[in-house]
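Notes follow once the structure below has been shown.
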Amino acid sequence: MDNQIHNQIVNFIWGIADDCLRDVYVRGKYRDVILPMTVIRRLDAMLEDTKPAVLAMKKQLDAAKIDNQWPALCNAAGQAFCNSSPFLLKDLTSRSKAQTLKADFIAYLDGFSPNVQVILDKFKFRNQIDTMVDADILGAVIEKFTSSDINLSPNPIYKDAEKTILKHPGLDNHGMGTIFEELIRKFNEENNEEAGEHWTPRDVVELMADLVFMPIADQIKDASYSCNDGACGTGGMLTVAQDRLLTLAKRRGKDVSIHLFGQEINPETYAICTADMLLKGDGEEAEHIMYGSTLSDDQHASRQFDFMLSNPPYGKSWKVDAEKMGGKKDILDTRFNTYLEGGEEMAMIPRTSDGQLLFLLNNISKMKKDTELGSRIAEVHNGSSLFTGDAGSGESNARRYMIENDLVEAIIAVPTNMFYNTGIGTYI
């Protein structure tokens, strides 16, 4: 998709915030409306063509008194998601009364399948409806998103009935994912006090993906592979890893698939990651993204993965996790404790002010030991993982365990000032 069109769409959506939300929301809160509405409009556009089939199927299922209708309705929609309400988003632009619009918009949202409901709940989007209705901007926001000046649909829009003069090209899943990522980046820059938490520079992510895949590129077979990120944020690392592996495999004439797994503790970033998977057409992968803390509530505990990439939080307290795991001194989790050759136990638990090493140990516990390829991990950390802790401390023990087991292949210093809003030294 060409960059100019992509930039036009991003600027148009950004303009909706300035046009409709300016006097109602402070700038930092624009994202609370714009991100979920972008997701809703894209899903809506993808469901337009099959809406009659979905409503016909719903009628049949209601008549047959079938309770769990979602699998059949999503099948009728031809997507991993669907909407069983009688409305499309554009139908709501004709409502003249605010209360009618509100009731119908809520009914429309309630019509989405459970996988979309999770996203809306984590965005806390329903909390915005009263604010928008009270300020009388809900209709304007819907009208902007369904305007003919923008196309978030996979189908092209033409200026004439004969479909000879193109007005807007169709937007494929990859293009939609790129636009969504760009919006997130812009909002993160607006909220610059937290931007570094959610955004790993694309150059760093691509280098990490290359470090994981390039050395074994010639060993890739016609097979299915798995990739995990235990601090997945908005899912950028998983997406880049997927693209890299598929490209390498294609160049070598191999037919591979890659299944993505992740876990994220921040509700909004979890919603964004799951939405991004759905928007890109990876409905099955969206189900592998889990919500909660990887440290105290690892939801992929029984799995092992071929590849793992992560940018765990630096210098962030994991005291709450430690308490959930029984207190730092009593943590018996096998991910964070090991045995020396003589049978002596060695705890690898760092100080509670910084948990980044625990994310690395969590990934090491998920390495495959019975496959030809084994597992490959790339993580980006600050200097603390390399230098903090005296001999015999948890940090030192973790380093000792990795080096004595020959798990460390390389440590690469990343240029400073690459990470948004911080000049901190980082290392892959």
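The basis for the numbers below is simple: all heavy atoms, side chains too, and nothing from hydrogens, waters or symmetry mates.
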>> On a heavy-atom basis, which atom in S396 and which in D390 lie closest, and how many Å separate them?
In response: CB-O, 3.2 Å
>> Would you compute the distance between atom CE of M346 and atom CD of E344 and round it to the nearest 0.5 angstrom?
In response: 9.0 Å
>> Before we go on, tell me: are the rings of F359 and W318 under 6.0 Å apart, centre to centre?
In response: no
> Are the side chain of W70 and the backbone N or O of F81 linked by a donor-acceptor pair below 3.5 Å?
Replying inline: no
> When you measure from the side chain of N405 to the backbone N and O of Y401, does any donor-acceptor pair fall under 3.5 Å?
Replying inline: yes
> Just checking, is any N or O donor in the side chain of N311 or E379 under 3.5 Å from an acceptor N or O on the other one?
Replying inline: no
>> The criterion is side-chain contact (heavy atoms from CB on, under 4.5 Å); which residues satisfy it with H168, sequence neighbours excluded?
In response: N151, I157
> Under the 3.5 angstrom rule, does the side chain of T234 hit a backbone N or O of C273 as a donor-acceptor pair?
Replying inline: no
>> Just verifying a value: how many Å separate M214 CE and L207 CG, rounded to the nearest 0.5 Å?
In response: 10.5 Å
>> Please check: side-chain N/O of D91 versus main-chain N/O of L88, any donor-acceptor pairing under 3.5 Å?
In response: yes
> At what distance, to the nearest 0.5 angstrom, does CZ of F307 lie from CE of M237?
Replying inline: 16.0 Å
Tell me which donor-acceptor pairs under 3.5 Å the side chains of residues 47-55 have, and how far apart each pair is, sequence neighbours excluded?
{"residue": "E48", "atom": "OE2", "partner": "R41", "partner atom": "NH1", "Å": "3.3"}
{"residue": "D49", "atom": "OD2", "partner": "N155", "partner atom": "ND2", "Å": "3.1"}
{"residue": "T50", "atom": "OG1", "partner": "L47", "partner atom": "O", "Å": "3.4"}
{"residue": "T50", "atom": "OG1", "partner": "A77", "partner atom": "O", "Å": "3.2"}
{"residue": "K51", "atom": "NZ", "partner": "N83", "partner atom": "O", "Å": "3.2"}
{"residue": "K51", "atom": "NZ", "partner": "S85", "partner atom": "O", "Å": "2.7"}
{"residue": "K51", "atom": "NZ", "partner": "F87", "partner atom": "O", "Å": "3.0"}

> How about S310 and N363: do any of their side-chain heavy atoms sit closer than 4.5 Å?
Replying inline: yes
>> Using every non-hydrogen atom in the two residues, find where D172 and G175 come nearest and quote the distance to one decimal.
In response: OD1-N, 2.7 Å
> Got a second to check how far L211's CG is from E206's CD, nearest 0.5 Å?
Replying inline: 12.0 Å
>> What I want to check is whether the side chains of N115 and E287 have a donor and an acceptor closer together than 3.5 Å.
In response: no
>> According to side-chain contact (heavy atoms from CB on, under 4.5 Å), who are the partners of P169, at least two apart in sequence or on a separate chain?
In response: I5, L166
> Without hydrogens or angle criteria, can the side chains of D62 and Q69 be said to hold a donor-acceptor pair below 3.5 Å?
Replying inline: yes
>> Counting C-beta onward and ignoring hydrogens, is there a side-chain heavy-atom pair between V256 and S224 closer than 4.5 Å?
In response: no
> Relative to the ring of F261, is the ring of F305 parallel (under 30°), tilted (30 to 60°) or perpendicular (over 60°)?
Replying inline: tilted
> Does a side chain donor of either T388 or E395 reach within less than 3.5 Å of an acceptor in the other side chain?
Replying inline: no
> Donor-acceptor pair, E285 side chain versus L260 backbone, under 3.5 Å?
Replying inline: yes
> Checking K122 against Y291: charged group under 6.0 Å from the ring centre and within 45 degrees of the axis?
Replying inline: yes
>> Within the 4.5 Å heavy-atom criterion, are L92 and L89 side-chain neighbours or not?
In response: yes
>> Counting only heavy atoms from other residues, nucleotides and ligands, does the tally under 6.0 Å from NZ of K319 exceed 12?
In response: no
>> If you compare all heavy atoms of L373 against all heavy atoms of Y225, which two are closest, and at what distance to 0.1 Å?
In response: CD2-CE2, 3.9 Å
>> Looking at every heavy atom in both Q356 and P313, which two are closest together, and how far apart are they?
In response: CB-O, 3.5 Å
> How long is the gap from CE on M402 to CG on N397, to the nearest 0.5 Å?
Replying inline: 10.5 Å
> Which residue pairs satisfy the salt bridge (charged side-chain N to carboxylate O under 4.0 Å, His left out) criterion with at least one member in residues 289-302, sequence neighbours excluded?
Replying inline: D298-R335, D298-K366
>> Closer than 4.0 angstrom, basic N to acidic O: yes or no for E372 and K221?
In response: yes
>> What I want to find out is whether D110 reaches R126 closely enough, with some N-O distance under 4.0 Å, to be called a salt bridge.
In response: yes
> Can you find a pair of side-chain heavy atoms, one from K186 and one from V10, that are under 4.5 Å apart?
Replying inline: yes
>> Are the side chains of I411 and I428 in contact, using a 4.5 Å heavy-atom criterion?
In response: no
> Is the side chain of Q263 donor-acceptor paired with the backbone N or O of I289 at a distance under 3.5 Å, no angle test?
Replying inline: no
> Is there a salt bridge (charged side-chain N to carboxylate O under 4.0 Å, His left out) between D19 and K144 once you walk through the steps?
Replying inline: CA-CA 9 Å; D19 291 348; K144 288 276 190 188; 3.2 Å; yes
> Between Y108 and F105, what is the ring plane arrangement, given parallel below 30°, perpendicular above 60°, and tilted in between?
Replying inline: parallel
>> We want to know whether S317 and T352 form a side-chain donor-acceptor pair, criterion being a heavy-atom distance below 3.5 angstrom.
In response: no
>> Show, in sequence, the C-alpha distance, side-chain angles and deciding distance for I364 and I377, and conclude whether the side-chain contact (heavy atoms from CB on, under 4.5 Å) test is met.
In response: CA-CA 8 Å; I364 288 170; I377 300 169; 4.1 Å; yes
> Thinking salt bridges, do D210 and R244 make one under a 4.0 Å N-O criterion?
Replying inline: yes
>> For the backbone of N362 and the side chain of S365, can you confirm whether one donor and one acceptor N or O come within less than 3.5 Å of each other?
In response: yes
>> When you compare the side chains of T426 and H381, does any donor N or O come within less than 3.5 Å of an acceptor on the partner?
In response: no
> By side-chain contact (heavy atoms from CB on, under 4.5 Å), which residues pair with T247, not counting sequence neighbours?
Replying inline: R251
>> With heavy-atom distances below 4.5 Å as the criterion, would you say the side chains of Y270 and I119 are in contact?
In response: no
>> On a heavy-atom basis, which atom in R399 and which in S385 lie closest, and how many Å separate them?
In response: NH1-O, 2.9 Å
> Is the closest side-chain donor-acceptor distance between D306 and S375 under 3.5 Å?
Replying inline: no
> Under the 3.5 angstrom rule, does the side chain of D354 hit a backbone N or O of G315 as a donor-acceptor pair?
Replying inline: yes
> Charged N to carboxylate O below 4.0 Å: is that the case for K250 and D255?
Replying inline: no
>> Test your reading of the model: is there a side-chain donor-acceptor pair from H300 to the backbone of T294, 3.5 Å cut-off?
In response: no
> With a 4.5 Å limit on heavy-atom distance, are the side chains of L109 and F125 in contact?
Replying inline: yes
> Can you check whether K254's main-chain N or O pairs, donor with acceptor, with D222's side chain at less than 3.5 Å?
Replying inline: no
>> Looking at E268 and K124, is there a salt bridge between them, counting it only when a charged N and a carboxylate O are closer than 4.0 Å?
In response: no
> Is any side-chain heavy atom of I179 less than 4.5 Å from a side-chain heavy atom of L171?
Replying inline: yes
> In chain order, what residues pass the side-chain contact (heavy atoms from CB on, under 4.5 Å) check against P86, with sequence neighbours excluded?
Replying inline: none
> For K90, does the NZ atom have more than 12 heavy-atom neighbours from other residues, nucleotides or ligands under 6.0 Å away?
Replying inline: no
> For A249 and I220, which heavy atoms make the closest approach, and how far apart are they?
Replying inline: CB-CG2, 4.3 Å
> Parallel, tilted or perpendicular for F387 and Y427, by the 30°/60° rule?
Replying inline: perpendicular
>> To the closest 0.5 Å, what do you measure between SG (C227) and CE (M308)?
In response: 8.5 Å
> Taking atom types as modelled, is there a side-chain donor on D321 or S293 under 3.5 Å from an acceptor on the other?
Replying inline: yes
